[in-house]
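Okay, structure first, notes after.
Chain A is the first sequence line, chain B the second, and so forth, proteins listed ahead of strands; every chain is numbered from 1. Worth saying up front: this structure is predicted, and the values here are computed from it rather than measured.
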Protein chains: 2
Amino acid sequence: MQMNDRKQKVLWAIIHDYVSTAEPVGSRTIARKYNLGVSPATIRNEMSDLEELGLIEQPYTSSGRIPSDYGYRYFVDCLMERKVLAAEELRIMQQTMSDRLQEVDYLMQQASAIISQLTNYTAVVLGPQVGKTTFQQIQLLPIMPTKAVAVIITSAGVVESKILDIPESLTPEDLQQVSAVINESLRGLTMNQVRASLSHELAETLKKQKQVLSQSLEIIDEALHADNDERVYLGGTLNIFKQPEFKDVDKIQTLLGILEQHHTVRELLHHTPERGVNITIGTENKHEGFRNCSMVTATYHLDGEVLGVIGLVGPTRMEYSRSVAVIESLTENLSFALKRILNR
Amino acid sequence: MQMNDRKQKVLWAIIHDYVSTAEPVGSRTIARKYNLGVSPATIRNEMSDLEELGLIEQPYTSSGRIPSDYGYRYFVDCLMERKVLAAEELRIMQQTMSDRLQEVDYLMQQASAIISQLTNYTAVVLGPQVGKTTFQQIQLLPIMPTKAVAVIITSAGVVESKILDIPESLTPEDLQQVSAVINESLRGLTMNQVRASLSHELAETLKKQKQVLSQSLEIIDEALHADNDERVYLGGTLNIFKQPEFKDVDKIQTLLGILEQHHTVRELLHHTPERGVNITIGTENKHEGFRNCSMVTATYHLDGEVLGVIGLVGPTRMEYSRSVAVIESLTENLSFALKRILNR
DNA sequence: CATTAGCACTCGTCGGTCATGAGTGCTAAC
DNA sequence: GTTAGCACTCATGACCGACGAGTGCTAATG
């Protein structure tokens, strides 16, 4: 059996209706709301065909139809019209991004806030990989006889700061010298390169200045790892409550649980390809707890290189066209804003 | 009517049972589980009296009884035995607090994690008021021809860092000098004092070094305000789902909504008195959304001065004695850990 | 006089029945 | 190929009755 024009129209109507009502769609409803010029009976026949094709399903015998995951897939691949955001929305987006924001961290928070505001879904944002930014300097600032603050500054702004124990014998000048040594050898390298040269460097110089130097290198190492690299930002997690498919406490708990585990979120987002907007629907998703969810994700760039990922999570019954429009516009804005911050 | 020994025993039993089962408690249940040496009938009479005293209630006619807010109040004031944490729990607490933790931020996160772990309720922690820490120094570090990073260091560690725009004409030496000027006049003051002297200082010196100085003072000002001052840390928010009284989606949403608004949480915690553990039960609470919740809070100190507040939020049906024990032990550990970090 | 046994009464819960209505699939007519 | 008609399915919600946990009252008991 082949798809034809009318089948497509019917499928489109089912998805459109189901997205806004969250109720199974019947043939009569379609005949009434979307004037396709045919009677409910005809639509029933078409629906029967669509079901055979696996594009729609019945939750139970003789109920209306709902789109299957595969139906959504067909929709986003073939049927979905591109949507452009309202001028007002674009303006808000640009303004928020350009506002008084200088640090990457803040920028990312804003990004996730915008996504959740404009879509009413939950925003998921991966911050720039620290590895892609360049090392600028480390500063060791004495604050007490036996303590100093180490601050690492990369092209993304301050990345990590930490209090170090230092031997009392060390003078502020010694500290200066230590940081100078480190800065000398690392400045201008990307943090990935720093990472590569670190163990070498460490072994080399550890003999000379011992404790402080090794502690300093430790915090650089820390800055490069785990929590800091690709920080996860969430926005509008409570939007989940707005979706009728999650009116069940268990489902909400599961979902919030997953979102709270940042490493899981990171994994989920890593499937995003380098270019363009990616859509993952229902069971296409690796994670079991996301069976009823779809994700719309995209990468943002700097000078052609992938920096991070932004995306949103909602029910499979999602306004895909709008979501795509938001995510797409935002990647542009984001890449632009980051260029301003990170380059020069 | 007066309370007597047996009434107290019955009330104690009702609360004890209801806390663990979350079901209304009947007279027979009490007679069986807690051998008071009397028949259910007698207990019914006592219960009738307790109800007249407002200490317990019936959810509906001829159901079992549940404690009223006032009943819990009586319980925590007069009946509750002091509980001591298990040695193992104390050990975990101390170790986590002393671990490799040097910065206040991290310490606070650990504190909230411990609370939620040990109690299964939601932890709420207010970080030290920045105002109470002392200003150590500000550093202006040039990173590009037109940009510098400003880092404020207080006795609590790094508080705020921010990228400033600077005129290209300014040399690194100029920056040095500006920070020297600021450090000179502010070092050793508490941040509250800094706040007081800031507007004065600002007017005074703004003429001389203009832009950079004013920007620097701005970030100090920022560090003193809103988000940074008394940061709110939450832990185990998802524990809410474990309580049967919140199996309703609406209630969870309300509660999570409130917890997400940090300023509301801050207000709620500010009622904590300077000394000792404070318990707020159900409607005693100001906030409407907390009608079904109780809070156990306490302040932690440094050198006899209040620094911040820790606490937990759970259903009114709460294991008060355990909660109190956890909060109490933790304030001690926290005060101790902070002493190590902030003093000398 | 306090305690207890007995008993009638209340009320939430659970399972079953039934009417309703939305929606389908099939068939026959157009 | 399209449509009208009709029998059929099934979720939903209202209603009913049995059940049982629990109470309050009363009268008997020590």
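When each of A/Asn45 and B/Ala41 is assigned the nucleotide of DNA chain C with its nearest heavy atom, B/Ala41 is the one assigned upstream, toward the 5' end. Both B/Ser39 and A/Arg28 lie close to DNA chain C; mapped to their nearest nucleotides by heavy-atom distance, the more 5′-ward contact belongs to B/Ser39.
Along DNA chain D, read 5' to 3', the first and last nucleotides having any atom under 4.0 Å from a heavy atom of chain B are D/dG22 to D/dG24.
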Determine, stepwise, if the pair A/Thr280 / A/Phe290 fulfils side-chain contact (heavy atoms from CB on, under 4.5 Å). CA-CA 10 Å; A/Thr280 319; A/Phe290 271 49; over 6 Å; no
Before you tell me yes or no, could you show the steps for B/Val313 and B/Leu268 under side-chain contact (heavy atoms from CB on, under 4.5 Å), namely the whole-Å CA-CA distance, both residues' side-chain angles and the distance that decides it to 0.1 Å? CA-CA 11 Å; B/Val313 180; B/Leu268 281 166; over 6 Å; no
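Of all heavy-atom pairs spanning B/Ser112 and B/Val125, the tightest one is CB-CG2, 3.8 Å. Minimum interatomic distance between B/Ser294 and B/Met318 (heavy atoms only, all atoms of both residues): O-CE, 3.5 Å.
Taking a 4.0 Å limit (strictly below) on heavy-atom distances, residues 60-70 of chain B reaches DNA chain C at B/Tyr60, B/Thr61, B/Ser62.
Defined by atom type and a distance below 3.5 Å, a donor-acceptor pair is present between the side-chain atoms of B/Asp69 and B/Thr283. Under the 3.5 Å distance criterion, with hydrogens and angles disregarded, no donor-acceptor pair is assigned to the side chains of A/Asn292 and A/Lys251.
The distance between atom CZ of B/Arg44 and atom P of C/dT10, rounded to the nearest whole Å, is 16 Å. The distance between atom CG of B/Leu36 and atom P of C/dA2, rounded to the nearest whole Å, is 18 Å.
Residues satisfying the side chain to side chain contact (heavy atoms under 4.5 Å, CB included) criterion with B/Arg317, sequence neighbours excluded, are B/Tyr18, B/Val19, B/Ala22, B/Tyr72, B/Gln243, B/Pro244, B/Glu245, B/Pro315.
Listed for the B/Ser68 side chain is a donor-acceptor partner under 3.5 Å among the backbone atoms of B/Gly54.
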